[in-house]
Amino acid sequence: EPTRMQMLQGNPLLLSYSLQELLARDTVQVEVIPEKKGLFLKHVEYEVSSQRFQSSVYRRYNDFVVFHEMLLHKFPYRMVPALPPKRMLGADREFIEARRRALKRFINLVARHPPFSEDVVLKLFLSFSGPDVQNKLKESAQCVGDEFLHSRLATRAKDFLPADIQVQFAASRELIRNIYNSFYKLRDRAERIASRAIDNAADLLIFGKELSALGSDTTPLPSWASLSSSTWGSLKQALKGLSVEFALLADKAAQQGKQEESDVVEKLNLFLDLLQSYKDLCERHEKGVLHKHQRALHKYSLMKRQMVSAAHSREPEAVEQLESRIVEQENAIQTMELRNHFSLYCLHQETQLVHAYLPLTSHILGAFVNSQIQGHKEMSKVWNDLKPKLHCLFAGPSGTLTLPRSTQEDCLLPR
């Protein structure tokens with residue numbers, strides 16, 4: 001532990017955050033408030049409440065969009081989670097709820113991200129209650145460059161990077177891609193399990209209602225069935241009373257499905273959002289700063305060739321102009337090299353953050369196992385309470401009890 005602390009103190013590249021520390025940074029709730037009708041469309045507003053800032057503000061989807069743009073502007077080399085898509089035409093309740101959940105995941109990932117959590121743009125978004133939060137967010141980022149321009153480590157990032165940083169980057173990217181693919185499949189299966197529990201609840205409720213309807217049937221018996229009138233009356237009375245237990249079973253199944261949606265599926269979605277933001281960051285690194293750096297080097301090479309050609313042609317004015325342009329290009333290349341190293345520096349730290357979130361897997365599995373145990377335990381109790389009420393259903397023609405084979409065997413078992 002002392003050696004580990006010395007490494008952390010000596011190298012700012014290394015992070016020491018645990019999952020508990022990241023989760024404790026803030027918890028943000030996002031709830032839909034009653035719709036307000038505009039001139040043409042209904043606008044959905046959200047109440048965004050932060051534990052850390054002890055604040056509660058109203059935000060629309062477009063406010064989230066501007067906030068997202070400011071984050072990308074200020075932190076292009078960090079994991080900025082994606083926003084859910086905007087729906088242009090009328091949105092149904094299912095879409096609004098899915099987007100609310102996605103916005104909640106987004107803002108919690110942002111609020112717990114170390115660099116984001118200390119930036120003024122986050123504080124404004126979570127606590128500013130003025131009339132025009134979008135302009136306020138833009139003003140806060142106006143005339144302020146990105147993280148590279150105001151980081152004290154920007155020009156020294158290369159000194160802290162390992163020699164094999166490119167190899168590590170490629171290996172880490174492949175690992176995160178594999179983890180994402182596996183968690184994507186886990187999320188799909190968890191969704192199906194939760195959906196089956198909710199469907200099971202609906203089926204159990206309908207099953208109980210049909211039994212109740214059968215027991216409440218008032219159609220008179222025909223004369224040829226009069227010998228069995230007492231049996232049918234007893235059966236109807238018993239069937240009518242079973243709907244209460246089936247309604248209770250349906251309620252237990254629905255509770256289990258909803259709990260697994262919130263405790264298992266949503267946490268899997270949160271982790272997938274984080275992994276996707278890492279994949280997006282890798283693409284921005286390759287297609288952005290790295291690509292620009294390579295283009296600048298190619299342009300520099302062409303300028304050098306042009307200058308050699310002009311020197312051979314004895315064109316002093318052309319040579320002078322090219323020399324000036326080459327100096328400018330060299331400065332641009334130097335800046336891009338610094339940005340490339342700073343981008344890799346940030347990528348290294350973001351990789352550490354992803355791994356800090358990996359223990360969330362145990363939380364998810366624990367929630368899933370506990371939900372299954374609790375759900376089966378509660379439903380098993382209701383089924384066992386229901387079983388004694390079935391005995392009056394098995395009365396034979398002579399009034400003796402005629403149990404099905406499995407029930408007879410249960411009765412013969414020693415208690």
Side-chain angles (χ1 to χ4, degrees), residues 15 17 21-36 38 41 43-87 96 99-154 270 273-274 276-278 280-281 284 288 342-343 346 349-350 353 356-357:
L15 304 179
Y17 299 108
E21 290 170 335
L22 291 172
L23 297 179
R25 282 179 169 262
D26 200 359
T27 298
V28 185
Q29 300 296 335
V30 178
E31 300 296 338
V32 176
I33 62 175
E35 296 178 350
K36 291 184 179 180
L41 299 173
H43 300 297
V44 179
E45 279 194 312
Y46 304 91
E47 183 178 7
V48 182
S49 307
S50 165
Q51 279 188 2
R52 176 188 174 191
F53 295 106
Q54 296 293 301
S55 60
S56 181
V57 294
Y58 293 155
R59 296 288 181 259
R60 285 173 52 185
Y61 177 79
N62 287 339
D63 299 331
F64 280 90
V65 172
V66 173
F67 175 56
H68 183 264
E69 290 172 354
M70 295 304 102
L71 285 175
L72 281 173
H73 170 72
K74 298 187 76 173
F75 300 98
Y77 309 126
R78 301 289 182 179
M79 294 185 296
V80 180
L83 285 174
K86 181 176 183 178
R87 193 165 182 172
I96 292 173
R99 191 168 70 175
R100 181 198 69 81
R101 291 182 178 184
L103 291 173
K104 181 181 176 181
R105 297 194 302 269
F106 163 81
I107 194 61
N108 275 283
L109 285 173
V110 170
R112 294 163 181 169
H113 190 285
F116 301 163
S117 64
E118 304 303 325
D119 194 79
V120 65
V121 72
L122 175 69
K123 185 177 180 180
L124 278 172
F125 185 80
L126 291 177
S127 60
F128 179 72
S129 56
D132 195 351
V133 67
Q134 294 184 23
N135 279 336
K136 197 72 177 177
L137 290 169
K138 291 175 182 177
E139 287 173 5
S140 71
Q142 200 171 26
C143 302
V144 178
D146 60 18
E147 186 183 8
F148 172 80
L149 293 178
H150 56 77
S151 172
R152 60 184 179 83
L153 296 173
L270 177 79
D273 289 349
L274 179 73
Q276 182 61 53
S277 67
Y278 182 85
D280 294 342
L281 176 61
R284 283 205 304 275
F342 185 71
S343 177
C346 294
Q349 288 191 330
E350 299 304 278
L353 277 180
Y357 268 95

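Predicted model only: the values in this text are computed from it and were never measured. Count residues from 1 along the sequence.
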Side chains of Leu22 and Leu353, heavy atoms from C-beta outward: is any pair under 4.5 Å? yes

What one should report as the nearest heavy-atom pair of Ser277 and Met79 is OG-CB, 3.5 Å

Problem - Pair Gln276, Asp280: side-chain N/O donor-acceptor within cut-off below 3.5 Å - result: yes

Quiz item: If we only count heavy atoms from C-beta on, is the Phe125 to Ile107 side-chain gap below 4.5 Å?
Solution: yes

Pair Glu47 + Arg100, salt bridge at N-O below 4.0 Å:
no

Evaluate Leu103 against Val48 for side chain to side chain contact (heavy atoms under 4.5 Å, CB included), listing each step before the verdict. CA-CA 10 Å; Leu103 291 173; Val48 182; over 6 Å; no

Fill in: Derivation and outcome, side chain to side chain contact (heavy atoms under 4.5 Å, CB included), residues Lys86 and Asn62
CA-CA 9 Å; Lys86 181 176 183 178; Asn62 287 339; 3.1 Å; yes

Smallest heavy-atom separation, Ser49 atom then Ser56 atom, equals OG-OG, 3.3 Å

Margin query: Check whether Arg59 reaches the backbone of Phe64 with its side chain - one donor and one acceptor, N or O, closer than 3.5 Å.
Written below: no

Original post:
Does some side-chain heavy atom of Ile33 sit less than 4.5 Å from a side-chain heavy atom of Tyr46?
Top reply: no

Check your understanding: Gln51 and Gln29: side chain to side chain contact (heavy atoms under 4.5 Å, CB included), yes or no, with the steps?
Key -> CA-CA 9 Å; Gln51 279 188 2; Gln29 300 296 335; 5.7 Å; no

Rounding to 0.5 Å, atoms OG (Ser151) and OH (Tyr77) come to a distance of 11.5 Å

CG (Asp63) and NZ (Lys136) are apart, to the nearest 0.5 Å, by 14.5 Å

Tightest non-hydrogen contact, residues Val28 and Leu126, listed as CG1-CD2, 4.1 Å

Contact check, side chains of Lys74 and Val80, non-hydrogen atoms, under 4.5 Å
no

What one should report as the nearest heavy-atom pair of Arg25 and Ser117 is NH1-OG, 2.7 Å

To the nearest 0.5 Å, atom CE of Met70 lies from atom CD of Gln134 at 9.5 Å

*Determine whether Pro115 and Arg78 make a side-chain contact, defined as any pair of heavy atoms from C-beta on separated by less than 4.5 Å.*
yes

Tell me, with the steps shown, if Phe67 and Val110 meet side chain to side chain contact (heavy atoms under 4.5 Å, CB included). CA-CA 11 Å; Phe67 175 56; Val110 170; 3.9 Å; yes

(Q) Are Phe116 and Phe75 an aromatic pair, judged by ring center distance below 6.0 Å? (A) yes

To the nearest 0.5 Å, atom CZ of Phe53 lies from atom NZ of Lys123 at 6.5 Å

- Item | Lys NZ or Arg CZ of Arg99 over Tyr61 ring: under 6.0 Å, within 45° | yes

Scanning both residues in full, the closest heavy-atom pair of Leu122 with Arg52 reads CD2-NH1, 4.3 Å

Residues Arg112 and Thr27: closest non-hydrogen pair is NH2-OG1, 3.6 Å

So do the side chains of Leu72 and Glu69 get within less than 4.5 Å of each other, counting heavy atoms only? no

### Query
Hey, are the side chains of Glu147 and Phe342 touching, using non-hydrogen atoms and a 4.5 Å cut-off?
yes

dist Leu270:CG -> Lys104:NZ (nearest 0.5 Å) comes out at 10.0 Å

